[in-house]
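Everything numeric in this text was worked out from a predicted model, so none of it was measured. This chain uses plain numbering: 1 for the first residue, then up along the sequence. Ligands are counted one by one from 1 in listed order, and the atoms in each one are counted from 1 as well.
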Amino acid sequence: MINKIQSICVYCSSSNRVKQEYKDVAVETAKIIAGAGKTLVYGGAKSGLMGIVADAALDARGKVIGVITEYLQNLEVDHTSLTESYIVQTMHERKTMMAEKSDAFVILPGSLGTLEELAEVATWRQIGLHTKPIIIVNVDNYWDDFLSLIDRMIEEKCMLEGHRDIFQVIDDPKDIIPALNSFNPDVFDVKSKWD
Ligand code: AMP
């Protein structure tokens, strides 16, 4: 599978105030992506884990594509040294372009923006709009509450059991490449969603 993947989107926090462990994970993630010869796609900001992930990929001689809105350019402060930068008008355009330019998604700690991006690519996967891997890096059990909510959704029959496999959950960025290699795009039957 890994050979088919050219570019990997990383969704993560725009906050500078996160703990060092998360910053280290952002650096390691970027090094792994760049080291594997894959392009990093992300939200184009220079703040928080977003900036760290971009800088670390560039330092490792990786290619980095950023997509930001004109409005956020001022708020988040856009990164000005990327390999390719796109400035779009709306958040929907931004997320669509990021997703279209990516062959896989990796989620690090983040807040509502990251959660929304994760939920969006997951719902698109759920209804079969794409069959790309979605890897949650659950460092320090950061995403446990989200994963518990998924369990509750399944328990309450709001979500199919098989749809848990939309996500691959790993604890350490070292497992990103093995997770991509073991990814099975046919892991569940999309049609069964409405049974
Ligand atoms: P956060 O995880 O909240 O720090 O946000 C991470 C990224 O998601 C940032 O680039 C935000 O601009 C972006 N973001 C924030 N809110 C939204 C939203 N409602 N929809 C899509 N992206 C968002």
Side-chain angles (χ1 to χ4, degrees), residues 7-30 33 39-58 62-127 129-130 132-150 166-171 173 176:
S7 53
I8 300 175
C9 185
V10 175
Y11 296 129
C12 58
S13 174
S14 54
S15 166
N16 291 316
R17 297 187 298 177
V18 299
K19 62 183 174 184
Q20 188 58 42
E21 185 181 359
Y22 297 166
K23 295 179 180 175
D24 294 343
V25 161
V27 170
E28 204 184 341
T29 299
I33 291 172
T39 297
L40 168 72
V41 178
Y42 86 114
K46 76 172 182 195
S47 64
L49 296 184
M50 297 176 72
I52 289 172
V53 103
D55 285 336
L58 291 168
K63 192 177 162 198
V64 180
I65 298 176
V67 186
I68 197 160
T69 62
E70 208 173 309
Y71 172 76
L72 280 179
Q73 231 187 330
N74 304 321
L75 282 188
E76 284 183 358
V77 191
D78 61 313
H79 198 302
T80 52
S81 323
L82 305 177
T83 321
E84 281 176 41
S85 293
Y86 296 90
I87 298 162
V88 295
Q89 289 308 307
T90 68
M91 293 299 271
H92 287 110
E93 282 175 79
R94 183 193 197 199
K95 289 181 293 173
T96 302
M97 187 182 264
M98 287 167 72
E100 281 176 358
K101 288 192 172 293
S102 308
D103 301 314
F105 306 97
V106 169
I107 292 87
L108 304 182
S111 123
L112 292 179
T114 304
L115 181 64
E116 205 258 0
E117 291 161 335
L118 161 61
E120 187 168 60
V121 290
T123 56
W124 290 346
R125 173 102 170 89
Q126 187 172 244
I127 60 170
L129 295 182
H130 72 82
K132 299 173 185 176
I134 301 172
I135 299 171
I136 296 175
V137 184
N138 193 24
V139 51
D140 199 21
N141 300 106
Y142 183 83
W143 289 103
D144 273 8
D145 291 336
F146 171 78
L147 296 167
S148 297
L149 181 60
I150 298 287
I166 286 173
F167 314 101
Q168 287 166 278
V169 183
I170 60 175
D171 296 329
I176 290 174

For Pro109, does its backbone N or O pair with a side-chain atom of Ser13 as donor and acceptor, under 3.5 Å?
no

Side-chain (Lys46) to main-chain (Ser81) donor-acceptor, under 3.5 angstrom
no

Mind checking whether Ser14 has a heavy atom under 4.0 Å from ligand 1?
yes

Return yes when Cys12 approaches ligand 1 closer than 4.0 angstrom through a heavy atom, no otherwise.
yes

Please work out, at 4.0 Å between heavy atoms, whether the side chain, the backbone, both, or neither of Leu112 comes within that distance of ligand 1.
backbone

Region of Leu72 engaging ligand 1 - heavy atom pairs below 4.0 Å:
side chain

Rounded to the nearest 0.5 Å, what separation is found between the [atom1] atom of [X] and the [atom2] atom of [Y]?
{"X": "Cys9", "Y": "Ile33", "atom1": "SG", "atom2": "CD1", "value": "9.0 Å"}
{"X": "Thr29", "Y": "Ile176", "atom1": "OG1", "atom2": "CD1", "value": "4.0 Å"}
{"X": "Ile68", "Y": "Ile87", "atom1": "CD1", "atom2": "CD1", "value": "8.0 Å"}

Ligand-residue contact atoms, ligand 1 with [X], heavy atoms, under 4.0 Å:
{"X": "Ser13", "value": "2 (O), 4 (O)"}
{"X": "Met50", "value": "7 (C), 9 (C), 10 (O)"}
{"X": "Thr114", "value": "1 (P), 2 (O), 5 (O), 6 (C)"}
{"X": "Gly110", "value": "2 (O)"}

Tell me if the NZ atom of Lys23 is crowded by more than 12 foreign heavy atoms within 6.0 Å.
yes

Mark yes when over 12 heavy atoms from residues, nucleotides or ligands other than Glu70 sit less than 6.0 Å from its CD; otherwise mark no.
no

What orientation do Tyr11 and Phe105 show, parallel under 30°, tilted 30 to 60°, or perpendicular over 60°?
parallel

Nearest protein heavy atom to atom 23 (C) of ligand 1, by residue and atom, and its distance?
Met91 CE, 3.2 Å

Just to confirm my output: which protein heavy-atom neighbour is closest to atom 11 (C) of ligand 1, and how far is it?
Glu76 OE2, 3.0 Å

When you measure from atom 14 (N) of ligand 1 to each heavy atom in Ala119, Ala45, Gly113, which option holds the nearest one?
Gly113

If you measure from atom 10 (O) of ligand 1 to every heavy atom of Arg94, Glu117, Glu116, Lys95, which option wins on shortest distance?
Arg94

What I want to know is whether Ser15 and ligand 1 share at least one N or O pair that is separated by under 3.5 angstrom.
no

Do the side chains of Thr39 and Lys101 get nearer than 4.5 Å, heavy atoms only?
no

